[in-house]
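Encoded as structure tokens, the structure appears first; notes follow it.
Values below: all heavy atoms of this structure, side chains included; hydrogens, waters and symmetry mates excluded. The structure presented is a predicted model; accordingly, all values stated were derived computationally and were not measured.
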Amino acid sequence: MATGTDVDIIVVGGGHAGIEACLACARMGLETLLITHSLDKIGEMSCNPSIGGIGKGQLVREIDALGGEMARAIDETGIQFRILNKRKGPAVQARRAQADRFRYRDYMKHRLLNTENLFVWQAEVTRLLIKDNRVTGVEDSYGRKFTAKAVILATGTFMHGLIHIGPTQIPGGRLTDPASQELPEQLKTLGLRIERFKTGTCPRLDARSINYERMQVQYGEEPVPYFSFYSEKGPIEQVPCYLTYTTPETHRIIQSALPFSPLYTGVIKARGVRYCPSIEDKIVRFPHHERHYIFVEPEGRQTTEVYPNGTSNSLPLEFQEKMIRSIPGLEEAKILKPGYGIEHDYIDPRQLYPSLETRLVENLFTAGQINGTTGYEEAACQGLIAGINATLKVRGKPPLILRRDQAYIGVLIDDLTRKGTDEPYRMLSSRVEHRLALREDNADLRLMEIGYQLGLISEERIQKKREKEKEISRIRVFFQTHRLNDGNTVEKALSQPGVWLKDLFPEPEKTLNFDPEALRVAEVEAKYAGFIERARRQAERIHQLDRVKIPPEMDYDAIPSLPREAREKLKQRRPQTLGEAYDIPGIGLDTINLLWTLIKRKEA
């Protein structure tokens with residue numbers, strides 16, 4: 001920074017969104033300033049110590065294909081790696097890794113402090129500098145002003161953050177960190193619609209007080225399924241996780257604590273996460289379930305802190321202790337940090353362009369939980385796109401807009417900016433109508449050329465991707481020409497239900513002289529070629545939705561295959577057309593196709 005205060009782009013917030021945003025801007029050649037309230041909390045994993053999962057693993061692979069950092073960070077600091085849904089189809093399989101959250105934080109801090117064009121300043125941003133409805137910079141808590149051509153807000157849960165532990169309320173963006181009070185007030189005066197969401201986290205336990213013999217052990221997979229494409233990391237010593245469950249006594253304790261829970265006394269009014277509910281919500285909403293699984297996850301190699309995934313709550317501490325000790329293996333467990341709920345402000349994301357620039361203030365971009373999402377991965381992908389598009393805007397170039405049939409990231413941003421969200425948005429594979437084509441294994445083939453053109457992918461990585469494409473082409477020719485004993489080609493055989501290469505060749509990854517990764521991609525695409533083509537044609541039908549009217553008498557309760565969330569929202573909103581239905585948050589294309597089929601039957 002030549003003058004110390006003038007830069008090209010300012011990023012506010014050093015969480016997962018802010019990290020990807022400032023790295024993208026700096027790597028694309030712009031002078032970038034990250035302002036964060038604490039240098040030591042850059043990349044902090046405030047909740048679960050893991051990256052990836054169903055729907056989320058796809059986001060991380062796409063971030064990597066576009067040139068982001070998250071995949072490389074977890075590969076360097078992960079302590080256990082697995083592939084989820086291995087028994088299901090390739091469209092919903094996804095990587096998940098346990099992180100050493102302390103090493104992850106250190107890795108990200110080191111990466112930012114050693115990136116060319118990137119500068120870091122520890123302070124709180126208290127207001128934006130605005131002129132003629134255009135952001136021109138920010139002012140911090142020391143009264144220092146910084147000017148910039150664009151600003152990216154990645155404030156996480158800090159805007160008017162309020163922590164709840166039973167009746168105790170603590171203003172904060174997370175435990176021990178102060179909330180941002182002035183900035184959200186200014187956003188309101190600028191005309192942005194501000195709402196409230198609620199999220200939360202689990203207590204942390206002392207590993208030395210846990211009886212692991214009463215739990216089911218879960219090991220990582222070999223060979224290690226790393227996240228980053230073309231990773232050259234070898235084997236590592238993986239750390240086991242453990243599985244236990246709640247008991248009837250756990251449920252009794254929680255029921256007795258409800259009169260003291262801010263969730264059920266009306267103190268917390270904000271909407272929480274549907275697909276990652278607090279344990280109080282689980283007990284109340286699913287009383288027929290005799291038990292709920294608890295995943296006991298270490299937080300690092302050199303710490304005794306343990307994360308009991310599945311026990312997120314906002315109960316008074318004395319009830320947290322009773323609840324934890326009613327769980328098998330945790331009878332003597334000691335709590336190191338309490339769990340808590342947190343309410344925070346977010347802006348209605350329908351006020352954003354698909355580029356993530358705000359419609360009301362030019363050159364102001366937002367990314368992460370400020371846009372109503374939940375999760376590290378959802379935040380990181382938004383940060384990456386906001387950083388890319390802020391850079392392109394400064395350079396006078398058109399934005400990068402990923403389509404729904406192009407990337408999970410495209411689905412997420414389209415859902416947010418077109419439909420909005422009435423609950424914290426979590427990425428799910430069920431939201432992605434083209435999920436069979438948008439798999440983890442081909443994110444590099446779909447997106448890496450884009451990252452290369454942006455200057456975020458190296459020459460070495462793009463050449464490896466292009467070699468993979470050539471290898472896939474060779475495999476396709478082999479599938480089309482090689483005949484089996486019954487006279488069918490490999491391609492014809494793979495089109496049959498339940499038939500895979502392992503059924504046609506002994507150890508195909510060893511006996512067929514092809515790259516294993518390329519072979520896997522080619523196999524899946526050959527097997528599901530018809531489905532993938534059908535999905536492509538469905539995308540072309542989307543524009544027809546506004547012309548298809550829903551009968552006023554449509555009985556949603558009489559449709560057994562309709563997801564519960566969709567049924568609830570359709571009954572409440574009573575949309576008149578399929579287009580209106582598709583604009584309802586949480587209504588995916590699978591639901592639209594189901595309704596369309598039913599409407600056609602009624603008209604026939």
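Side chains of Arg204 and Thr201: a donor-acceptor N/O pair is present below 3.5 angstrom, by distance only. Between the side chains of His160 and Glu185, at least one donor N or O sits under 3.5 Å from an acceptor N or O. Side-chain atoms of Ser50 and Gln98 include no donor-acceptor pair closer than 3.5 Å. Judged by distance alone, the side chains of Glu280 and Ser314 do bring a donor and an acceptor atom under 3.5 Å apart. Of the N and O atoms on the side chains of Arg103 and Tyr107, not one donor lies less than 3.5 Å from an acceptor on the other residue. With no hydrogens or angles considered, no side-chain donor-acceptor pair links Arg426 and Thr374 at under 3.5 Å. Checking Asn371 against Gln382 by side-chain atom types alone, a donor-acceptor pair falls below 3.5 Å. In this structure, a donor-acceptor pair under 3.5 Å is absent between the side chains of Ser278 and Asn313.
The residues Arg193 and Asp348 are annotated as salt-bridged, a charged nitrogen and a carboxylate oxygen being separated by less than 4.0 angstrom. In summary, Arg274 and Glu423 engage in a salt bridge, as defined by a charged side-chain N under 4.0 Å from a carboxylate O. Checked for salt-bridge contact, Glu378 and Lys56 meet the test: a charged N lies under 4.0 Å from a carboxylate O. Note on Arg111 versus Glu69: salt bridge recorded, some NZ/NE/NH1/NH2 to OD/OE distance being below 4.0 Å. No salt bridge links Lys322 with Glu331; every basic N to acidic carboxylate O contact stays at or beyond 4.0 Å. Ion pairing of Lys334 with Glu321 is absent here, as no side-chain N (NZ or NE/NH1/NH2) approaches a carboxylate O to less than 4.0 Å. Remark: Asp414 engages Arg404 in a salt bridge, criterion side-chain N to carboxylate O under 4.0 Å. One finds a salt bridge joining Asp557 and Lys571 here, because a Lys/Arg side-chain nitrogen approaches an Asp/Glu carboxylate oxygen to under 4.0 Å. A salt bridge between Asp422 and Lys569 is present, with a side-chain N of the basic residue lying under 4.0 Å from a carboxylate O of the acidic one.
Judged by distance alone, with hydrogens and angles left aside, the side-chain atoms of Ser429 form no donor-acceptor pair with the main-chain N or O of Val92 at under 3.5 Å. Without hydrogens or angle criteria, Glu299 side chain to Glu305 main chain gives no donor-acceptor distance under 3.5 Å. Without hydrogens or angle criteria, Lys145 side chain to Leu129 main chain gives no donor-acceptor distance under 3.5 Å. Checked by atom type and distance alone, the side chain of Thr247 pairs as donor or acceptor with a backbone atom of Thr250 at under 3.5 Å. A distance-only check finds a donor-acceptor pair linking the side chain of Thr358 to the backbone of Leu364 [under 3.5 Å]. In this structure a side-chain-to-backbone donor-acceptor pair under 3.5 Å is missing from Arg418 to Asp415. Of the possible donor and acceptor atoms, one in the side chain of Gln320 sits under 3.5 Å from a partner among the backbone N and O of Leu315. Between the side chain of Gln58 and the main chain of Gly55, a donor-acceptor pair closer than 3.5 Å is present. Between the side chain of Asp177 and the backbone N or O of Gly172, no donor-acceptor pair lies under 3.5 Å.
Side-chain contact check for Ile9 versus Phe365: every heavy-atom pair is 4.5 Å or farther apart. In this structure, Tyr376 and Leu59 have side chains that are not in contact, with every pair of non-hydrogen atoms separated by 4.5 Å or more. In this structure, the side chains of Leu175 and Ile163 come closer than 4.5 Å at one or more pairs of heavy atoms. When side chains are defined from C-beta on, Arg325 does not count as touching Leu330, because their heavy atoms never get closer than 4.5 Å.
By the neighbour-count criterion of 12 heavy atoms within 6.0 Å, atom CD of Glu290 is sparsely surrounded, having that number or fewer from other residues, nucleotides or ligands. Residue Gln576 places its CD atom among 12 or fewer non-hydrogen atoms of other residues, nucleotides or ligands, all under 6.0 Å distant. The environment of Tyr293 atom OH is sparse: at most 12 non-hydrogen atoms of other residues, nucleotides or ligands sit within 6.0 angstrom. Counting non-hydrogen atoms of neighbouring residues, nucleotides and ligands closer than 6.0 angstrom, the NZ atom of Lys41 exceeds 12 such neighbours. Heavy-atom neighbours of Arg134 CZ from other residues, nucleotides or ligands within 6.0 Å: at or below the threshold of 12. Around CD of Glu362, the count of heavy atoms belonging to other residues, nucleotides or ligands within 6.0 Å exceeds 12.
Both tests do not hold together for Arg271 against Phe197: distance to the six-membered ring centre under 6.0 Å, angle to the ring axis within 45°. Seen from the ring of Tyr242, Arg214 does not count as a face-on cation partner, given the 6.0 Å and 45° thresholds.
Here the two rings, on His292 and His251, have centers that are under 6.0 Å apart.
In this structure, CD1 on Ile592 lies 7.5 Å from OH on Tyr582, to the nearest 0.5 angstrom. A distance of 7.0 Å separates CG of Leu570 from OG1 of Thr591, quoted to the nearest 0.5 Å. Distance check: Leu258 CG to Thr265 OG1 gives 10.0 Å after rounding to the nearest 0.5 Å. Between atom SG of residue Cys241 and atom CG of residue Asn309 there is a gap of 9.5 Å, rounded to the nearest 0.5 Å. Separating the CD atom in Glu44 from the CG atom in Asp40 is a distance of 9.5 Å, to the nearest 0.5 Å. In this structure, Thr126 OG1 and Gln181 CD are separated by 12.5 Å, a value rounded to the nearest 0.5 Å.
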field: Check against side-chain contact (heavy atoms from CB on, under 4.5 Å), Val296 and Tyr212
entry: CA-CA 9 Å; Val296 180; Tyr212 290 106; 4.1 Å; yes
- request: Take Asp206 and Lys337, measure what salt bridge (charged side-chain N to carboxylate O under 4.0 Å, His left out) needs, and give me the verdict at the end.
  value: CA-CA 9 Å; Asp206 189 334; Lys337 303 174 187 175; over 6 Å; no
task: Take Val267 and His164 through the side-chain contact (heavy atoms from CB on, under 4.5 Å) test and state the conclusion after the steps.
output: CA-CA 9 Å; Val267 175; His164 297 268; 3.7 Å; yes
field: Candidate pair Arg127 and Glu139, rule salt bridge (charged side-chain N to carboxylate O under 4.0 Å, His left out), full reasoning
entry: CA-CA 5 Å; Arg127 74 182 184 98; Glu139 182 176 341; 2.7 Å; yes
- request: Quick one: do Glu182 and Lys188 satisfy salt bridge (charged side-chain N to carboxylate O under 4.0 Å, His left out)? Show the steps, please.
  value: CA-CA 10 Å; Glu182 296 178 60; Lys188 291 180 183 178; over 6 Å; no
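Between Phe227 and Phe81, the angle of the ring planes lies from 30° to 60°, which puts this pair in the tilted group. The aromatic rings of Trp121 and Tyr142 sit perpendicular, their planes meeting at an angle over 60°, well past the 30° parallel limit. Ring geometry for Phe319 versus Phe260: interplanar angle under 30°, hence parallel rather than tilted (30 to 60°).
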